[in-house]
Asker: 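Here you go, one structure.
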Amino acid sequence: MLLIFEKSQEGKKGVDVRKPEVKEYSYSSELLRSDLDLPEVSEVDAVRHFTELSKRAFGVDDGFYPLGSCTMKYNPKINEEVASLKGFTDIHPLQPEEDAQGALEGIYMLSQLLSEITGMDAVSLQPAAGAHGEYTGLRLISSYHKSRGDIKRNKIIVPDSAHGTNPASATMAGFEVINVKSNEEKGVDLDELRAVVGEDTAALMLTNPTTLGLFEKNIVEIAEIVHNAGGLLYYDGANLNAVMGIVRPGDMGFDVVHLNLHKTFSTPHGGGGPGSGPVGCKMELAPYLPNPSVVKYGDEYFFVNDPDSIGKVGSFYGNFLVYVRALTYILTLGKEGIPYSAKIAVLNANYLKKKLQDIYTTEKKRHCMHEFVLSLEKLKEETGVSAMDVAKSMIDYKMHPPTMYFPMIVHEALMFEPTETENKETLDSVADLLRKLHEMAYSDPAVLKSAPHSTVISRPDEVTAARKPIVRYKKP
Amino acid sequence: MGNYVPLTENDIKEMLETIGVSSLDALFSDIPKKIRLKELNIPSGKSQQEVSDVMKALASKNTVYDVILRGAGSYSHYIPAFVKNITSRSEFVTAYTPYQAEISQGILQAIFEYQSLVCIMTGMDVSNASVYNGASAAAEGVLMCRERDRNKAIILGNVRPDTLKTIKTYASAQCMEILEMEANDAFVEMDKLKELMGEDTACVYLEQPGYYGELYSADKIAEAVHSAGAKFVMGCNPTSLALLKSPGECGADVAVGDGQPLGLPMAFGGPYLGFMACTEKMMRKIPGRIVGETVDHDGRRAFVLTLQAREQHIRRERASSNICSNQALCALTATAYLTCLGKEGFRNVAKACVSLSHYFAAQLQKIEGVELQNKGEFFHEFVTIIPDKSEEILKALAKNKILGGLKLDSDRILWCVTETSTKESLDNVIDIVRGAICC
Amino acid sequence: MSLYYAQTHEWAETEGNLATVGISDHAQHELGDIVFIELPEKGKKVVAGKFLCEVESVKAVSEIYSPVTGTVVEVNEELESSPEKINEDARANWICKIEFERVPESLMSEKEYLATLA
């Protein structure tokens with residue numbers, strides 16, 4: 001398919017704006033740029049172009065999307081309708097507080113709801129994504145220790161099963177990273193943890209359920225070990241969907257948490273963003289949350305700035321329209337719907353796992369939470385068909401592949417997270433397909449190794465892309 | 001109660017049987033009993049219809065102004081119907097990051113086109129797929145200039161407060177020193193700048209137009225910065241790039257800015273998008289996602305996420321940024337906006353902004369007691385000095401459903417005029433301002 | 001002329017006080033398709049066993065450690081545009097030349113090195 005630039009023809013016009021009825025103002029030439037080579041296409045050409053692009057994309061509305069750790073649940077249409085109300089879209093971030101009471105109230109309500117769901121005392125919605133939330137949360141931890149004169153605490157402990165973002169965020173927040181190995185059950189090794197905690201421990205970052213989709217059973221002991229050493233516990237909320245309304249990070253012993261509204265709270269991913277990564281914390285850390293926060297006096301809402309705050313982490317107040325969607329979702333589900341959704345997410349994952357565990361390697365002794373990891377190491381040894389080959393083959397059956405090659409501690413990993421919004425018929429057909437692909441790996445491996453076959457392109461050459469980068473269109 | 005679970009009671013029963021447990025609760029046996037929650041202390045769920053009413057009531061508590069003369073980082077522009085229609089297609093909205101290139105060519109190509117448009121506008125060689133917003137783009141832009149022995153940044157001139165604060169937040173965790181050097185309007189004391197720059201200066205950050213709309217001689221500043229061996233980072237309003245000399249033409253090494261003016265609603269501050277572009281030399285230092293062109297195994301053109309070795313999931317603790325997403329849907333919006341307006345339409349938007357703002361500034365100055373703070377050229381924002389009248393003027397405008405400029409202090413107001421205003425509406429504003437000053 | 005290997009998979013061919021340095025065939029194989037190498041700067045002082053430069057493959061970034069202590073006097077600029085040459089022949093395509101004083105005791109002969117891989 002051609003690029004929009006290749007469809008451009010001199011003289012074609014798209015949408016125009018009103019010509020002002022005032023004298024044209026011109027700058028002297030030294031301020032002006034030379035040519036601006038934007039594409040020239042008609043509106044209908046542009047519509048066809050983007051419509052064709054959309055047909056080359058695949059969203060949750062198109063089919064099964066079991067990306068592990070990404071919680072690709074259905075994005076309710078009502079959320080979109082609400083987020084397009086003029087009273088939300090057409091308000092200026094710097095209009096007076098009294099003219100934006102609805103917006104402030106929405107921010108306040110969502111912060112309160114998320115505080116209760118996470119068991120935290122305060123929440124800031126400002127971070128724009130999960131990684132941004134991690135960064136913000138770690139900065140709170142840094143400020144907290146420093147405010148107590150505890151300046152030696154410069155190390156963040158991260159399990160080897162963690163998302164790669166955890167250590168990157170810790171480094172950006174000015175910490176050193178200590179990696180700890182997992183135990184046989186792929187949880188935190190308590191002895192190893194005891195050995196690394198000390199006077200320099202700022203915090204332990206943990207995802208619970210872990211990236212293997214298992215609940216960290218020793219969480220209370222882990223919290224004790226870290227707290228006794230003077231460190232704090234950071235909760236990576238990537239996997240909250242499994243336990244929302246069932247157990248709260250605050251009750252597990254965590255001091256700081258970030259959430260992903262685009263995972264757990266049904267706001268759309270938009271092909272990679274915008275997301276939203278609110279941060280919650282216990283009372284002792286609340287003064288350090290990003291400025292400003294919203295408070296309620298009587299029936300009115302105000303912005304306040306705390307002098308001890310870590311400052312600003314971005315423009316204005318974060319991704320407001322994402323909050324509006326998440327608020328709509330939480331109000332719809334309420335106190336019953338939230339834990340029920342978590343339970344069904346766990347049911348769906350266990351059901352699918354059960355239907356696959358006799359032929360693919362996975363944890364069989366324990367129930368998984370909202371996701372599970374299959375290892376295709378044996379299949380690869382016996383047939384040469386890799387996790388990637390199986391994943392790519394799913395595409396030919398109108399399904400999005402699961403997360404591949406993560407967590408890194410499992411070889412040839414495929415990580416499935418079906419979410420609560422898939423029905424039983426879909427799960428049955430997925431199980432049937434994965435069993436069929438398993439058979440085909442032995443009978444006809446070549447088909448899998450060259451999959452997908454039904455897409456607009458076959459597998460791309462990533463090596464050439466990285467060696468000889470072409471990252472923009474250039475006029476021939 | 002509402003939820004989006006598509007299972008029947010019978011489905012659940014059958015599934016539990018298959019798994020071999022008696023109840024849903026039995027699946028949670030790994031969670032220690034003593035920490036389990038009895039019940040969430042939040043309201044019960046509601047029907048969609050009820051929630052819709054609640055949210056509409058909330059929206060109606062916000063004032064939607066007929067005329068908006070406030071900018072300062074969020075701009076009211078006309079958004080063509082095309083933009084909203086195209087970007088609300090669910091294949092775009094409900095997709096994840098395009099990790100699986102074979103079924104994500106649409107999103108990857110859209111990002112590639114976005115990157116190309118950013119390069120064209122900024123005159124730079126390489127753009128990433130966008131970051132959170134303008135302030136975070138500026139912070140990342142400053143951080144990416146760090147070198148082993150250069151760990152200081154100079155923030156030059158009048159910079160938007162949120163941007164400055166965000167740069168400071170990010171720099172402080174990396175022990176990067178931030179110096180601020182003021183400018184009087186757009187006048188920069190070059191000797192002072194040269195003195196301030198040393199062998200430890202990584203970069204100089206300048207906003208063009210500045211916070212007060214002022215336009216700097218960015219090319220001369222770039223020259224001075226380069227002669228000190230530092231990098232030049234320019235923060236730009238994209239609408240201004242339709243007319244003004246691009247960062248590339250000025251000699252910038254990094255160009256950043258907020259893409260909100262490109263078809264994104266003001267939306268109380270977000271979501272927006274931060275754009276980031278740089279010279280080819282700095283390609284491997286730019287953070288965030290990048291889409292590249294390659295071929296598939298059959299030789300067909302294909303797009304993929306590339307240069308991933310720069311990114312956090314590969315580098316882990318050795319990463320120099322932790323950004324691992326982009327504002328893809330906002331980048332698509334900007335791409336759709338620039339495409340449907342095209343070369344001529346986009347220039348016309350900028351011209352209308354400039355002509356109307358200059359008309360408005362001239363009319364204001366005709367009122368006795370009104371002075372312009374800007375002495376040199378400005379784009380579509382400028383500051384008036386009207387002693388002790390800020391509050392009264394803005395109140396009088398608000399009564400007429402007009403959102404006036406931003407109050408900087410009791411004397412000064414920062415105005416912004418875009419193509420959404422007409423001569424008639426501006427004349428009306430002038431009358432109200434005159435009335436507020438006289439009485 | 002003598003050939004040494006480091007435990008961290010670099011080779012050093014020494015002639016007088018000059019060591020020509022590259023990565024082992026085993027290392028290039030483990031890395032997979034190399035897409036970029038950030039060459040060290042000429043004149044840079046390096047320490048045996050410490051960071052020399054970085055090499056990227058499609059899905060990994062790895063640090064290369066200097067096998068000797070000394071000063072970088074020459075870099076193989078050809079690798080800047082054609083990093084894949086390392087995959088083609090890791091022994092022939094050197095990364096840089098380092099002026100050094102003595103061979104660290106930790107370095108191994110080729111035979112010893114190959115034995116550690118077995």
Side-chain angles (χ1 to χ4, degrees), chain A residues 14-15 20-22 25 33 38 50 53-54 56-61 82 85 87 89 93 99 101-103 128 131 164 167-169 172 174 177 215 251 268-274 311-312 314-316 319-320 332 334-337 343-344 351 367 423-424 455 457-458 460 465 470 472-473, chain B residues 1-3 6 11 15 24 30 35 40 44-45 55 58-59 61-63 80 86 89-91 93-95 97 102-103 105-107 116 119 132-133 135 165 169 173 265 268-271 292-294 296-297 302 304 306 312-313 316-317 319 322 325 327-329 340 342-343 355 358-359 423:
Chain A
V15 179
E21 299 155 302
V22 298
Y25 185 86
R33 68 179 297 148
L38 293 181
F50 286 99
L53 287 180
S54 76
R56 295 168 163 235
F58 189 95
V60 175
D61 285 4
V82 166
L85 292 171
T89 59
D99 292 343
Q101 283 294 299
S169 299
M172 288 308 292
V177 176
F215 192 83
D251 299 332
H269 285 73
K312 300 272 323 167
S315 310
F316 302 115
N319 290 342
F320 176 73
T332 310
K335 67 175 165 192
E336 308 86 359
K343 286 177 189 175
I344 300 300
Y351 180 70
H367 298 306
N423 62 31
K424 181 167 172 289
T455 42
I457 59 158
S458 54
I470 304 171
R472 62 168 295 193
Y473 166 77
Chain B
M1 126 184 173
N3 65 61
D11 286 336
M15 289 164 79
L24 286 171
D30 276 351
I35 56 170
L40 272 176
S44 283
M55 296 305 290
L58 210 55
K61 290 184 194 171
N62 299 321
T63 309
I86 282 300
R89 291 187 69 90
S90 81
E91 296 87 344
V93 174
T94 71
T97 300
E102 298 87 346
I103 40 168
Q105 284 300 295
I107 286 171
S116 305
C119 288
Y132 310 134
N133 49 51
K165 287 178 191 158
T169 303
F268 207 55
E293 184 184 327
T294 182
D296 73 359
H297 284 191
V304 291
T306 193
Q312 46 73 37
H313 63 280
R316 296 177 78 94
E317 59 265 28
N322 73 335
S325 62
Q327 302 283 96
L329 198 63
C340 78
K343 188 174 177 163
S355 299
H358 284 75
Y359 169 77
K423 177 173 179 294

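Within every chain, numbering begins at 1; the chains are lettered A, B, ... in the order of the sequence lines, protein sequences first and strands thereafter.
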Asker: Could you tell me which portion of B:His358 (side chain, backbone, both or neither) has an atom closer than 4.5 angstrom to a non-hydrogen atom of chain A?
Answerer: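 Side chain of B:His358 only, per the 4.5 Å heavy-atom cut-off to chain A.
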Asker: If we define contacts as heavy-atom pairs under 4.5 Å, which of B:Ile103, B:Asp11, B:Ile107 has the most with chain A?
Answerer: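 So the answer, after comparing B:Ile103, B:Asp11, B:Ile107, is B:Ile103.
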Asker: So what's closer than 4.5 Å to chain A heavy atoms on B:Leu24: side chain, backbone, both or neither?
Answerer: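 The side chain, not the backbone.
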Asker: When only pairs under 4.5 Å are counted, which of B:Lys343, B:Lys423, B:Glu293 shares the most heavy-atom pairs with chain A?
Answerer: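 Sorted descending by pairs with chain A, the first entry is B:Lys343.
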Asker: Count the heavy-atom pairs under 4.5 Å between each of B:His297, B:Glu102, B:Lys165 and chain A, then report the option with the highest count.
Answerer: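 Most heavy-atom pairs under 4.5 Å with chain A: B:Glu102.
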Asker: Please report the shortest heavy-atom distance between B:Ala328 and A:Gly272, naming the atom on each side.
Answerer: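 Reported closest heavy-atom pair: CB-N, 3.8 Å.
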Asker: How long is the span from the CE atom in B:Met15 to the CD1 atom in A:Ile344, to the nearest 0.5 Å?
Answerer: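 Here the interatomic distance stands at 7.5 Å.
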Asker: With distance as the sole test, does B:Asn62 use its side chain to make a donor-acceptor pair with the main-chain N or O of A:Ala103 at under 3.5 Å?
Answerer: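 Confirmed, B:Asn62 side chain pairs with A:Ala103 backbone.
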Asker: Can you name the closest pair of heavy atoms from B:Ser44 and A:Lys335 and give their distance?
Answerer: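 B:Ser44 and A:Lys335 have their closest heavy atoms at OG-CE, 3.6 Å.
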Asker: If you tally heavy-atom pairs under 4.5 Å against chain A, which of B:Ser116, B:Ala302, B:Ala95, B:Pro80 wins?
Answerer: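 So the answer, after comparing B:Ser116, B:Ala302, B:Ala95, B:Pro80, is B:Ala95.
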Asker: For chain B, find which of A:Ala57, A:Pro274, A:Ser169, A:Gly271 contributes the most heavy-atom pairs closer than 4.5 angstrom.
Answerer: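 The candidate making the most pairs under 4.5 Å is A:Gly271.
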Asker: Would you call the rings of B:Phe268 and A:Phe320 parallel, tilted or perpendicular, where under 30° means parallel and over 60° means perpendicular?
Answerer: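 Rings of B:Phe268 and A:Phe320: perpendicular, as their planes differ by over 60°.
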Asker: Picking from B:Pro265, B:Cys340, B:Cys119, B:Pro271, which has the most non-hydrogen pairs under 4.5 angstrom with chain A?
Answerer: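 It is B:Pro271.
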Asker: Mind ranking A:Gly14, A:Gly314, A:Pro20, A:Ser458 by heavy-atom pairs under 4.5 Å with chain B and telling me who comes out on top?
Answerer: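 The residue among A:Gly14, A:Gly314, A:Pro20, A:Ser458 with the greatest pair count is A:Ser458.
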Asker: Ignoring hydrogens and angles, tell me if any N or O in the side chain of B:Thr169 forms a donor-acceptor pair with the backbone of A:Lys312 under 3.5 Å.
Answerer: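 A pair under 3.5 Å: yes.
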Asker: If I compare all heavy atoms of B:Val93 with all of A:Pro268, which pair ends up nearest, and what's the gap?
Answerer: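 Distance-wise, the nearest heavy atoms are O-CB, 3.3 Å.
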Asker: Identify the two heavy atoms, one from B:Gly45 and one from A:Glu336, that lie closest to each other, and give their separation to 0.1 Å.
Answerer: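 Heavy atoms of B:Gly45 and A:Glu336 come nearest at N-OE1, 2.9 Å.
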Asker: For the residue pair B:Gln105 and A:Ile457, what are the closest heavy atoms and their distance?
Answerer: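 Shortest heavy-atom contact: NE2-CD1, 3.2 Å.
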Asker: Which atoms of B:Val304 come close to chain A, meaning under 4.5 Å heavy atom to heavy atom: side chain ones, backbone ones, both, or neither?
Answerer: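 It is the side chain, since no backbone atom gets that close.
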Asker: With only heavy atoms counted, which part of A:Val60 is less than 4.5 Å from chain B, the side chain, the backbone, both or neither?
Answerer: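 Interface part for A:Val60: both.
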Asker: As an exercise: rank B:Asp30, B:Leu329, B:Ile35 by heavy-atom pairs under 4.5 Å with chain A and give me the winner.
Answerer: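 Most heavy-atom pairs under 4.5 Å with chain A: B:Asp30.
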Asker: Got a donor-acceptor contact below 3.5 angstrom from the B:Asn3 side chain to the A:Gly337 backbone?
Answerer: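 Here the side-chain-to-backbone pair does not exist.
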Asker: Testing the basics here: between B:Thr294 and A:Pro460, what is the closest heavy-atom pair and its distance to 0.1 Å?
Answerer: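 Smallest heavy-atom distance, with atoms named: CG2-CB, 4.2 Å.
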